[in-house]
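Presented below is the structure to which this report refers.
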Amino acid sequence: MQSAGLPDYLEILNPEQKQAVLHTGKPLLILAGAGSGKTRVITTKIAWLIREKGVDPRSILAVTFTNKAAREMAERAAAIDGRAADAMLRTFHSFGAWFLRRNAVLAGLAPGFVIYDDDDTASLLSTIMEGVPRAEVRAAARNISRAKDYFLSPDDPALDRISYSKQFNNIYRDYENKLAAIGNVDFGDLIKKPVEILRNNPDVAQRIRGRFRVILVDEYQDANVAQFELLKELCDSQTYVCVVGDDDQSIYRFRGAEVRNILQFPDRFPGTDIIRLERNYRSIEPILEAASSVVDKNKNRLGKKLRSERGPGKKPVLAFLADQDEEAGYCADLIETLVKKGNKYSDWAVLYRTNAQSLGFETEFLHRRIPYKVVGSLKFYEREEIKDILAMLAFLVNPRDEVAFRRVINKPSRGVGPSSVERIIDAAASNPEAPGDLEAAIGLVKKELSAKAGAGTAQFLKAVKAGRAALNQPDQSEQTVLTVQSEQSEQSDQSDQSAAHQDAASAKNQEDRKRESLRSAEGLSRCVVTLANQSGLADYHLSHDEIAGNQRLNNLQELANASSIYPASIDGLLEFLEHIELDRSMEENSDNGSLDTVTLITIHNTKGLEFRRVIMTGVEQGVFPREDKSGDELEEERRLFYVGATRAMDELYFSCCRMRRMYGRTGAMYPSVFLNEIDRKALRVIGKEPPGFTKSAKSAEGFPRTQNRASPPDNDQYWRKGDTVYHDDYGYGEVREVRDSEDGPVVRVSFQNGGEVRFLADHQGRNFTRIRDN
DNA sequence: GACAGTGAAATTTTT
DNA sequence: TTTCACTGTC
């Protein structure tokens with residue numbers, strides 16, 4: 001094990017990495033380029049501290065940005081030294097929730113507080129902003145969230161940098177008051193409130209500083225102001241602080257991330273040492289070159305030079321394509337071709353700027369039987385039926401939860417109309433016995449309600465109480481059964497069907513054509529199932545599923561299953577709800593990491609990931625960068641480009657369409673300015689650059705709108721004798737002749753299989769993919 | 001309170 | 001093109 005001086009797990013590090021791991025005594029800022037092994041450094045450092053420095057694992061706190069990263073870090077650290085499992089590795093938000101749970105009373109929160117997501121936040125806000133259009137409420141909700149990112153309270157004068165509206169302060173204040181009355185928190189509170197507690201309670205601060213002696217922060221470039229404040233509050237002069245980040249990969253400015261946090265870290269933590277990790281172990285040289293040449297154009301950066309340890313290789317490919325259908329086909333072709341040669345689907349990732357773009361790929365891949373998974377768009381927990389049950393659960397632990405109450409009191413309809421709802425809420429507000437307690441208020445106003453509403457509220461309460469009862473009685477209780485009807489289920493319901501998913505589902509459905517009962521396993525699922533049944537939501541969805549062919553009851557069943565691993569207690573329930581709010585990736589449910597599928601993913605979501613082959617799609621002006629971007633925001637888009645491109649290990653492709661359907665309209669597109677920032681010689685170009693590309697793309701900002709007015713591709717220029725083309729049905733061929741006619745150019749192509757076709761470029765031309773220029 | 005018909009808006013990116 | 005909020009009818 002211990003060969004020459006240093007243990008093996010340190011010997012494999014390069015000099016800078018080693019230096020970073022062995023560093024002690026002062027604050028440390030690690031500037032880690034993409035693929036430079038920063039996770040290895042952090043995990044090794046944790047293990048080394050425990051092993052060689054005798055640091056108590058429980059006194060180590062490592063904060064990451066995503067749950068995935070936290071899990072990976074925990075795994076890798078524990079792999080080096082098992083004791084690392086006792087260190088605390090969490091996301092900022094999950095750490096905040098952990099802290100608040102232990103100090104709920106100090107924060108004036110309900111002991112069983114629940115975390116509101118953006119949706120709930122907007123719902124709450126709409127009770128304050130009555131009669132205001134939904135979009136406006138959402139905008140205000142976003143601004144409140146931003147204010148909290150910047151650690152601004154309703155009375156802070158600096159709020160005007162968030163919103164110019166004078167009323168905003170009042171809206172924000174009212175919102176805060178109402179949220180406080182309910183006793184719940186939103187996402188921003190998970191950071192902001194802990195800071196406030198630590199500042200107002202020196203004893204609490206002292207205790208937690210005494211506990212965590214080592215604090216490591218990953219992805220530091222994406223920390224916002226509030227998170228920075230939290231970090232400061234957690235540290236005393238003896239705390240060892242180490243932050244790792246890359247200013248070139250800061251892509252969450254829109255969410256309050258402050259690059260300044262990283263640029264000014266040495267000022268805020270005096271005596272900071274800086275170590276740079278600039279050796280990239282992930283990508284071949286040409287990929288790094290292309291990525292770097294784009295981000296180099298940014299003015300606002302520390303500047304660093306990434307060197308590839310892997311050396312030369314294939315140039316990135318730039319493919320000009322007709323439209324998004326061809327783009328999807330092109331991706332499928334690439335993937336299929338290489339898979340036939342023995343590569344894995346999981347080598348591939350298709351990247352796009354916005355989630356909406358995934359649809360075309362999903363359709364095409366489904367068609368061509370290419371297995372894929374869509375990362376991040378799994379909106380399971382945002383589904384109506386799921387949110388309904390979650391609201392029931394939230395109300396069960398906190399009967400002051402007005403948002404949850406409004407959501408489910410009359411669902412399915414039990415004759416409790418708006419006037420009854422308001423009456424109950426008013427009664428709760430003016431009830432000195434139990435302020436805000438809606439459950440108690442129902443009892444108070446029961447006599448004033450209509451017979452129907454009275455019966456409805458009674459039924460609702462009965463369901464809540466039954467759910468609560470299911471929490472308290474220990475195991476072997478009545479068997480809870482959720483009735484499930486699975487008719488032949490088309491893919492009618494939303495977007496979560498990956499190919500693999502579907503196959504499994506349809507196979508299963510053939511087995512159980514008719515009515516079948518699934519029972520709740522155990523634990524918390526008894527409570528979930530009880531609520532679903534007693535509230536009438538299960539029946540409601542059952543009958544609707546029959547009509548609409550949805551799978552809502554199945555989704556409920558899935559939620560119940562997910563809950564079964566939690567204990568049937570209030571604490572178990574809180575844990576379950578918290579887990580759902582903070583980590584919606586459902587990673588552990590689909591932990592088929594072994595599954596061989598292509599990854600469809602937004603560029604933002606790729607942070608921290610790597611793939612052998614990456615296709616960045618939609619690299620067009622208006623899509624990426626988005627049309628409205630300029631200045632700082634354009635720089636952020638550039639960093640995003642950099643992040644996406646540096647995910648690729650072996651091969652990188654850019655695809656750029658001449659036409660794209662948006663909002664049901666087809667419009668001409670221009671190539672992204674970013675493509676022009678890469679030396680054309682550093683790329684292998686496939687297909688024809690649209691005419692005027694270089695000229696038009698050079699005017700980076702103030703670029704002409706892409707939607708209207710752009711001229712269609714010039715077919716005379718576009719189709720040239722000798723070009724190689726590809727057609728889905730006929731395969732590869734060569735352009736033999738281009739002739740003019742009154743309907744535009746006529747192109748003659750002869751295919752490798754011997755066939756020959758003639759077509760009008762303006763019409764059928766879109767069915768062909770150009771493979772190589774003559 | 002359910003439902004069909006309408007018209008307008010929609011696409012950032014996420015803990 | 002799709003989706004969603006709003007309106008008027010039953």
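Below, read A as the first sequence line, B as the second, and so on, with proteins coming before strands; counting in each chain starts at 1.
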## Note on the structure
With sugar-phosphate taken as primed atoms, P, OP1 and OP2 and all else as base, the protein-contact string of nucleotides 5-15 of chain B at under 4.0 Å (heavy atoms; B, S, -) is -----BSBBBB
### Task
Would you mind building the protein contact string for nucleotides 3-10 of chain C? One character per nucleotide, 5' to 3', B for base within reach (heavy atoms under 4.0 Å), S for sugar-phosphate only, - for untouched.
--S-----
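Applying the side-chain contact (heavy atoms from CB on, under 4.5 Å) criterion to A:Thr127, with sequence neighbours excluded, gives A:Leu124, A:Lys178, A:Glu402, A:Arg406. Residues passing the ring-ring contact (aromatic ring centres under 6.0 Å, His included) test with A:Tyr566 are A:Phe576, sequence neighbours excluded. Partners of A:Asp117 according to the salt bridge (Lys or Arg N to Asp or Glu O under 4.0 Å) rule, which considers only residues two or more places apart in sequence or in another chain, are A:Lys387, A:Arg584. Partners of A:Phe405 according to the ring-ring contact (aromatic ring centres under 6.0 Å, His included) rule, which considers only residues two or more places apart in sequence or in another chain, are A:Phe395. Taking A:Lys297 as the reference, A:Arg638, A:Glu677 meet the side-chain contact (heavy atoms from CB on, under 4.5 Å) condition, with sequence neighbours excluded. Not counting sequence neighbours, the partners of A:Glu637 by the salt bridge (Lys or Arg N to Asp or Glu O under 4.0 Å) test are A:Arg353. Residues satisfying the ring-ring contact (aromatic ring centres under 6.0 Å, His included) criterion with A:Tyr252, sequence neighbours excluded, are A:Phe65, A:Phe254, A:His604.
Taking atom C1' on both C:dT3 and B:dT14, the two are 23 Å apart, rounded to the nearest angstrom. Using C1' as the reference atom, B:dT12 and C:dA5 are 22 Å apart when rounded to the nearest Å. Atom name C1', nucleotides B:dT11 and C:dC6: the rounded distance is 23 Å, in whole Å.
For A:Asp401 and A:Tyr116, the side-chain atoms include at least one donor-acceptor pair closer than 3.5 Å.
Across all strands, A:Val416 comes closer than 4.0 Å only to sugar-phosphate atoms, never to a base (heavy-atom distances).
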